[in-house]
Amino acid sequence: MEEHIEVGIAGLGVMGAAIARRLMKQGRPVRVYDIRPDAVAELSSEGALAAPSPAHLAESPVVLLSLNTADIVEEVAFGPEGVLAGAPDGVLVIDMSSIDPARTREFARRAAELGAGWVDAPLSGGAPGAARGELTLMLGGDEEHVERALPVLEDLASRLTRLGPAGSGQLAKSVNQVLVGCGFAALAEAAALVRAAGLPPRQVLAALSGGRADSALLREFFVKFAEFDLSPTGRLSNMVKDLEAARDYARSAGVPLPVTSAVAELHRWLAAAGHGDADNAALMHYYCPTEAGS
């Protein structure tokens with residue numbers, strides 16, 4: 001039956017590991033690869049099959065990528081030991097990374113030449129959303145490939161929207177990241193005010209809920225920021241990458257993004273200060289540098 005089709009996964013960071021665990025919880029056999037043997041061993045101990053290289057993931061008919069950059073996606077998909085190195089006819093690659101739309105279109109074209117399918121499916125919702133099967137996915141790709149991807153992606157997401165051909169999902173993700181990245185900066189500033197005033201964050205959240213400032217972002221992250229909770233839900237360095245990608249596309253389209261540019265530089269400063277691998281709540285290090293962990 002469709003629900004038992006094996007899925008390969010390349011990239012076992014915070015998101016990739018959460019995706020793998022969710023698919024296993026849904027009863028799907030999962031084959032995993034990561035350059036870190038310990039990450040593979042941890043998932044293997046929970047029931048996943050270990051793949052010694054990305055090429056071995058092509059033994060699964062569907063392969064998900066959860067990687068950091070377009071260059072890494074290219075190497076894992078098309079490199080000498082890549083998923084598509086052996087031109088495995090019929091393999092469907094679902095790229096859940098957040099990368100450049102133009103590179104995505106190129107990858108989809110190259111995959112088609114090898115007889116494989118390619119769907120870009122960048123996500124919103126982070127590891128907690130993946131664990132609950134409540135991700136929001138923005139899909140780009142040929143309709144036939146998107147239709148084939150849906151049974152797997154429906155195990156991970158509560159909202160899936162096909163936006164058009166390859167690269168369309170990545171463009172929508174850029175819009176998402178502009179809103180989320182700028183929203184994180186606003187939340188950090190508000191949380192810094194709350195900490196300075198000594199107000200109880202949860203009561204402030206209750207006071208704001210239902211008003212114009214209310215949002216899913218506020219409900220999920222305000223208390224986390226205000227309490228300096230750095231438990232991982234995503235890496236700050238990924239937001240740097242995503243905001244810069246949005247800014248680069250905006251420049252090519254002649255669209256000014258002054259707020260996004262300022263927020264990108266704020267994230268870049270924190271990454272340069274050694275917080276690149278930290279959770280997005282590490283923004284609080286900028287606003288409250290003497291209060292970390294208090």
Side-chain angles (χ1 to χ4, degrees), residues 1-34 39-40 42-44 46-49 51 54 57-58 60-68 73 76-77 83 91-99 104 108 117-163 166 168-177 180 216-217 220 232-235 238 242 280:
M1 294 177 64
E2 180 68 28
E3 63 265 28
H4 297 306
I5 285 179
E6 182 179 281
V7 177
I9 300 175
L12 301 176
V14 173
M15 275 306 311
I19 288 168
R21 291 188 174 99
R22 172 65 183 181
L23 291 177
M24 287 191 291
K25 183 178 179 181
Q26 295 301 104
R28 286 189 181 273
V30 169
R31 187 181 301 265
V32 297
Y33 170 80
D34 194 280
V40 175
E42 183 175 349
L43 267 295
S44 296
E46 298 175 26
L49 300 171
L57 293 177
S60 305
V62 175
V63 178
L64 301 182
L65 309 181
S66 180
L67 304 167
N68 285 336
V73 169
V76 169
V83 174
V91 168
L92 176 65
V93 177
I94 304 174
D95 184 19
M96 302 185 76
S97 317
S98 295
I99 63 171
T104 291
W118 192 281
V119 171
D120 50 302
L123 59 89
S124 181
R132 299 189 301 267
E134 295 178 356
L135 291 174
T136 293
L137 299 181
M138 294 145 268
L139 310 180
D142 292 348
E143 187 171 358
E144 63 179 296
H145 297 147
V146 171
E147 286 297 318
R148 187 176 163 202
L150 286 179
V152 173
L153 297 179
E154 285 170 349
D155 285 345
L156 300 168
S158 57
R159 182 182 297 274
L160 305 98
T161 306
R162 179 177 181 260
L163 291 141
S168 301
Q170 298 294 354
L171 283 168
K173 179 59 185 288
S174 289
V175 173
N176 182 85
Q177 293 306 84
V180 172
L217 206 66
E220 184 172 356
T233 59
R235 283 201 296 263
N238 285 339
D242 293 345
N280 286 289

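Positions are given from 1 along the sequence. Excluded from the calculations below are hydrogen atoms, water molecules and symmetry mates; all remaining heavy atoms, backbone and side chain alike, are included. Please read all numbers here as calculations on a predicted model, not as lab measurements.
- We find the CE-CE distance between Met138 and Met96 to be 9.5 Å, quoted to the nearest 0.5 Å.
- Taking CD1 of Ile99 as the reference point, atom CG of Asn68 lies at 11.5 Å (rounded to 0.5 Å).
- Side chain of Gln170 to backbone of Ser97: a donor-acceptor contact under 3.5 angstrom is found.
- Pairs passing the salt bridge (Lys or Arg N to Asp or Glu O under 4.0 Å) check and including a residue from residues 4-21, sequence neighbours excluded, read Glu6-Arg31, Arg21-Glu42, Arg21-Glu46.
- Note that the CZ atom of Arg148 and the CG atom of Asp142 stand 12.5 Å from one another [nearest 0.5 Å].
- Smallest separation of non-hydrogen atoms from Ala130 and Met15: CB-CE, 4.0 Å.
- Within the 4.5 Å cutoff, the side chain of Val63 has no heavy atoms near those of the Tyr33 side chain.
- Taking each heavy atom of Asp155 and Arg22 in turn, the nearest pair found is O-NE, 2.8 Å.
- The side-chain heavy atoms of Ser98 and Asn238, taken from C-beta on, include no pair separated by under 4.5 Å.
- Nearest heavy atom pair, residue Ala121 against residue Ile94, reads CB-CG2, 3.8 Å.
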Next on the checklist: Assess the residue pair Leu123 and Leu156 against the criterion (side-chain contact (heavy atoms from CB on, under 4.5 Å)); give the C-alpha distance rounded to whole Å, side-chain angles, the decisive distance to 0.1 Å, and a yes or no.
Outcome noted: CA-CA 10 Å; Leu123 59 89; Leu156 300 168; over 6 Å; no

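- When all heavy atoms of Ala10 and Val76 are compared, the closest pair comes out as CB-CG1, 3.8 Å.
- Shown here for Ile9 and Ile19, the closest heavy-atom pair between the two residues is CD1-CG2, 4.1 Å.
- Side-chain contact between Val152 and Ile5: absent, with no pair of heavy atoms (C-beta onward) separated by less than 4.5 Å.
- Between Val83 and Ala58 the shortest heavy-atom distance is O-CB, 3.3 Å.
- Note that the CG atom of Leu153 and the CG atom of Leu139 stand 6.0 Å from one another [nearest 0.5 Å].
- With sequence neighbours left out, the salt bridge (Lys or Arg N to Asp or Glu O under 4.0 Å) criterion links Arg159 to no other residue.
- Using modelled atom types, no side-chain atom of Asp242 and backbone atom of Gln177 make a donor-acceptor pair closer than 3.5 Å.
- A distance of 14.5 Å separates CZ of Arg162 from CG of Leu137, quoted to the nearest 0.5 Å.
- Taking CG from Leu150 and NE2 from His145, the interatomic distance works out to 13.0 Å, rounded to the nearest 0.5 Å.
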Item to check | Derivation and outcome, side-chain contact (heavy atoms from CB on, under 4.5 Å), residues Leu64 and Val7 | outcome: CA-CA 7 Å; Leu64 301 182; Val7 177; 3.8 Å; yes

